[in-house]
Engineer: 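Quick one: the structure is below, questions incoming.
All values below come from the heavy atoms of this structure, side chains included, with hydrogens, waters and symmetry mates left out. Throughout, residue positions are numbered sequentially from 1 according to the sequence presented. These numbers come from a predicted model, not from an experiment.
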Amino acid sequence: MIEGLVSTIIPVFNRATMLREAVASVLAQTWRPIEIIIVDDGSDDDSLAVEEELVRDNPGIVRVLRQQNSGPGVARQYGLEAAKGEFIQFLDSDDLLLPQKFALQIAGLRADPEARIAYGKSYVSNLGVRATQPAQRTGECFRTLFPALLQEPIWPTMTPLYRREFLDQIGPWPRARQLEDWMYDAQAAAQGARLHYIDAFIAETRNHGEARLCQLWKNDAGAMRERLAAYVTVLAHAERSGVARDAPEMRGFVRALFWMARNAGCYGLPVEARQLFELSRGRALRPGWDYRVFALAAAVLGWSRASRLAESLHGLRR
């Protein structure tokens, strides 16, 4: 590990143009020293030529690793194992960093020895137009990830900067392709990660209209199965961390498990539907009539038909 070095790990799959822009945003950082590790996740477009050009134009800074297509989590872990930095930055190939990001976050971490992760505000841009509100919950200051992480991911993947020594403690990135970043944050939360907040915009996530892996679940039962498994994993980390059953965030998450159980049934995943339903019912402080009715419907109709019926009735009530 090289003191002061920031290692930026960029997984890429068939995004040559955006990769150039992502790398340029790292090169524009006011902080030095830096290294950039591009992990090509089985691209079959001209990304390979762009990667070679970036290495040639930035000797000693840009490196390229290649793997068979395995998803962003596996790619990030591959890059992490090759990284030499004291600090680690994960950056998706379609997102950007703002020039002061590293300088602000490293100053924050060095002034706050207990903190393991620094984060700040991130922009969201839709087809090139920046929204005025910060992405997700990056406009809010948290000292820990739980219990807030149970409501939704706090940040896009490129927002935090990590101490490398802490990442070595929390374990590898999940191999899943859906919600792998949420599960990774839950791993960090379970280790009691302290956060340092930077009250400034430091990064930008871009909604560009092209296909995104995180949207695959809408038409793919296998991707949906991975999303459902992520809820189970996050719950396990939260319970291991001691999040109270009566905490508002846990109560909301338990209701979300019930909703996801119905989603599982609608996707024809009865095993997952039953698992999520039982997890939700077993953790609800006072399971209501809706649990009893749904359990009866599932026993009579089966999980898939009961779920579709419940969703139809919900739609009518709206």
Side-chain angles (χ1 to χ4, degrees), residues 6 8-12 15 18-19 21-26 28-29 72-73 76 87-106 108-109 115-162 173-174 176-189 193-218 227 230-231 234 249 252-253 256:
V6 181
T8 299
I9 299 162
I10 307 177
V12 61
R15 281 221 174 96
M18 289 186 177
L19 175 62
E21 296 167 352
V23 169
S25 77
V26 184
Q29 291 297 302
R76 293 180 192 120
F87 304 99
I88 301 295
Q89 170 72 56
F90 297 109
L91 174 63
D92 289 348
S93 58
D94 48 1
D95 293 331
L96 303 171
L97 309 182
L98 301 188
Q100 293 287 332
K101 185 181 195 294
F102 295 169
L104 290 172
Q105 290 180 301
I106 291 172
L109 287 172
R116 295 293 176 262
I117 305 170
Y119 76 105
K121 299 175 185 176
S122 291
Y123 289 110
V124 180
S125 69
N126 295 296
L127 301 179
V129 179
R130 279 181 178 171
T132 57
Q133 293 298 314
Q136 294 176 358
R137 304 188 71 176
T138 61
E140 302 175 56
C141 177
F142 299 103
R143 186 58 171 169
T144 60
L145 283 159
F146 281 141
L149 189 64
L150 287 172
Q151 294 179 303
E152 64 174 313
I154 291 173
W155 50 54
T157 306
M158 79 290 167
T159 303
L161 185 74
Y162 301 87
W173 273 84
R177 298 170 187 256
Q178 298 288 309
L179 296 179
E180 78 289 340
D181 46 358
W182 192 31
M183 289 188 283
Y184 195 65
D185 290 342
Q187 291 173 210
R194 294 291 186 267
L195 310 179
H196 183 88
Y197 183 64
I198 307 294
D199 190 13
F201 280 95
I202 56 173
E204 178 178 336
T205 184
R206 300 191 289 178
N207 296 322
H208 41 70
E210 295 183 13
R212 299 188 72 134
L213 185 61
C214 63
Q215 301 296 327
L216 184 62
W217 63 273
K218 294 180 178 179
R227 290 181 71 85
Y231 277 78
V234 170
E249 296 88 352
F253 189 80

Engineer: Go through Glu249 and Gln151 one step at a time and tell me if the side-chain contact (heavy atoms from CB on, under 4.5 Å) criterion holds.
Structural biologist: CA-CA 6 Å; Glu249 296 88 352; Gln151 294 179 303; 3.8 Å; yes

Engineer: Please round to the nearest 0.5 Å and tell me the distance separating atom OG of Ser93 and atom CZ of Arg15.
Structural biologist: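 Taking OG in Ser93 and CZ in Arg15, the distance rounds to 5.0 Å.
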
Engineer: Any non-hydrogen side-chain atom of Trp155 less than 4.5 Å from a side-chain atom of Ile117?
Structural biologist: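 When only atoms from C-beta onward are counted, Ile117 and Trp155 do touch, with a gap below 4.5 Å.
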
Engineer: Which value, rounded to the nearest 0.5 Å, describes the distance between Leu98 atom CG and Ile202 atom CD1?
Structural biologist: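 Nearest 0.5 Å value for the CG-CD1 distance: 8.0 Å.
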
Engineer: Between Phe253 and Val234, does a side-chain contact (heavy atoms from CB on, under 4.5 Å) hold up when you go through it step by step?
Structural biologist: CA-CA 10 Å; Phe253 189 80; Val234 170; 4.2 Å; yes

Engineer: Of all heavy-atom pairs between Ile88 and Leu161, which one has the smallest distance, and what is that distance?
Structural biologist: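 Residues Ile88 and Leu161, closest heavy atoms: O-CD1, 3.4 Å.
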
Engineer: Does the side chain of Ser25 come within less than 4.5 Å of Leu91's, by heavy atoms?
Structural biologist: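 Yes, their side chains come closer than 4.5 Å.
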
Engineer: Quick one: do Ile154 and Leu145 satisfy side-chain contact (heavy atoms from CB on, under 4.5 Å)? Show the steps, please.
Structural biologist: CA-CA 8 Å; Ile154 291 173; Leu145 283 159; 3.8 Å; yes

Engineer: Once you round to the nearest 0.5 Å, how far does OG1 of Thr144 lie from CZ of Arg116?
Structural biologist: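 One finds 14.5 Å between OG1 of Thr144 and CZ of Arg116.
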
Engineer: Any side-chain heavy atom of Leu195 sitting closer than 4.5 Å to one from Tyr119?
Structural biologist: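 Sidechains of Tyr119 and Leu195: in contact.
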
Engineer: Compare every heavy atom of Met158 with every heavy atom of Leu96, then report the nearest pair and how far apart it is.
Structural biologist: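 Of all heavy-atom pairs spanning Leu96 and Met158, the closest is O-CG, 4.1 Å.
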
Engineer: If we only count heavy atoms from C-beta on, is the Thr138 to Phe201 side-chain gap below 4.5 Å?
Structural biologist: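 Answer no - side chains too far apart.
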
Engineer: For the side-chain hydrogen bond (donor to acceptor under 3.5 Å, both in side chains) test, which of Arg130, Glu204, Arg206 pairs with Ser125?
Structural biologist: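 The single option meeting the side-chain hydrogen bond (donor to acceptor under 3.5 Å, both in side chains) with Ser125 is Glu204.
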
Engineer: Is there side-chain contact between Gln105 and Pro160, with heavy atoms separated by less than 4.5 Å?
Structural biologist: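 Gln105 vs Pro160: side chains apart.
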
Engineer: Give me the atom names and distance for the closest heavy-atom approach of Thr159 to Gly120.
Structural biologist: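 Result for this residue pair: CG2-O, 3.2 Å.
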
Engineer: Measure across Pro153 and Gln136 and return the closest heavy-atom pair with its distance rounded to 0.1 Å.
Structural biologist: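 Looking at all heavy atoms of both residues, the closest pair is O-OE1, 3.3 Å.
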
Engineer: Surrounding CD of Glu152 (heavy atoms of other residues, nucleotides or ligands, distance under 6.0 Å), is the total greater than 12?
Structural biologist: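 Atom CD in Glu152 is crowded, with more than 12 foreign heavy atoms closer than 6.0 Å.
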
Engineer: What distance do Thr157 atom OG1 and Glu180 atom CD have between them, rounded to the nearest 0.5 Å?
Structural biologist: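 Going from OG1 on Thr157 over to CD on Glu180, the span is 6.5 Å.
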
Engineer: Any chance the side chains of Ser122 and Thr205 put a donor and an acceptor closer than 3.5 Å?
Structural biologist: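 No.
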
Engineer: So do Asp92 and Arg76 actually touch side chain to side chain, heavy atoms under 4.5 Å?
Structural biologist: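 Yes - at least one pair of side-chain heavy atoms lies under 4.5 Å apart.
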
Engineer: If we ignore hydrogens and angles and just use 3.5 Å, is the side chain of Trp182 paired with the main-chain N or O of Leu149 as donor and acceptor?
Structural biologist: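 Side chain of Trp182 to backbone of Leu149: a pair is present.
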
Engineer: Is there a side-chain contact between Phe142 and Arg137, using heavy atoms and a 4.5 Å cut-off?
Structural biologist: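 Yes; the side chains approach each other to less than 4.5 Å.
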
Engineer: Can you measure from NE2 (His196) to CG (Leu104) and round to the nearest 0.5 angstrom?
Structural biologist: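 The NE2 atom of His196 sits 9.0 Å away from the CG atom of Leu104.
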
Engineer: Using a 4.5 Å cut-off on heavy atoms from C-beta on, say whether the side chain of Phe90 contacts that of Asp181.
Structural biologist: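 No, side chains not in contact.
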
Engineer: What's the shortest heavy-atom distance between Pro99 and Gln29, and which atoms?
Structural biologist: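 Reported closest heavy-atom pair: O-OE1, 3.1 Å.
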
Engineer: Of all heavy-atom pairs between Trp173 and Gly73, which one has the smallest distance, and what is that distance?
Structural biologist: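 Trp173 and Gly73 have their closest heavy atoms at CB-O, 3.2 Å.
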
Engineer: Where do Tyr162 and Gln89 land on the side-chain contact (heavy atoms from CB on, under 4.5 Å) test, with the steps shown first?
Structural biologist: CA-CA 7 Å; Tyr162 301 87; Gln89 170 72 56; over 6 Å; no

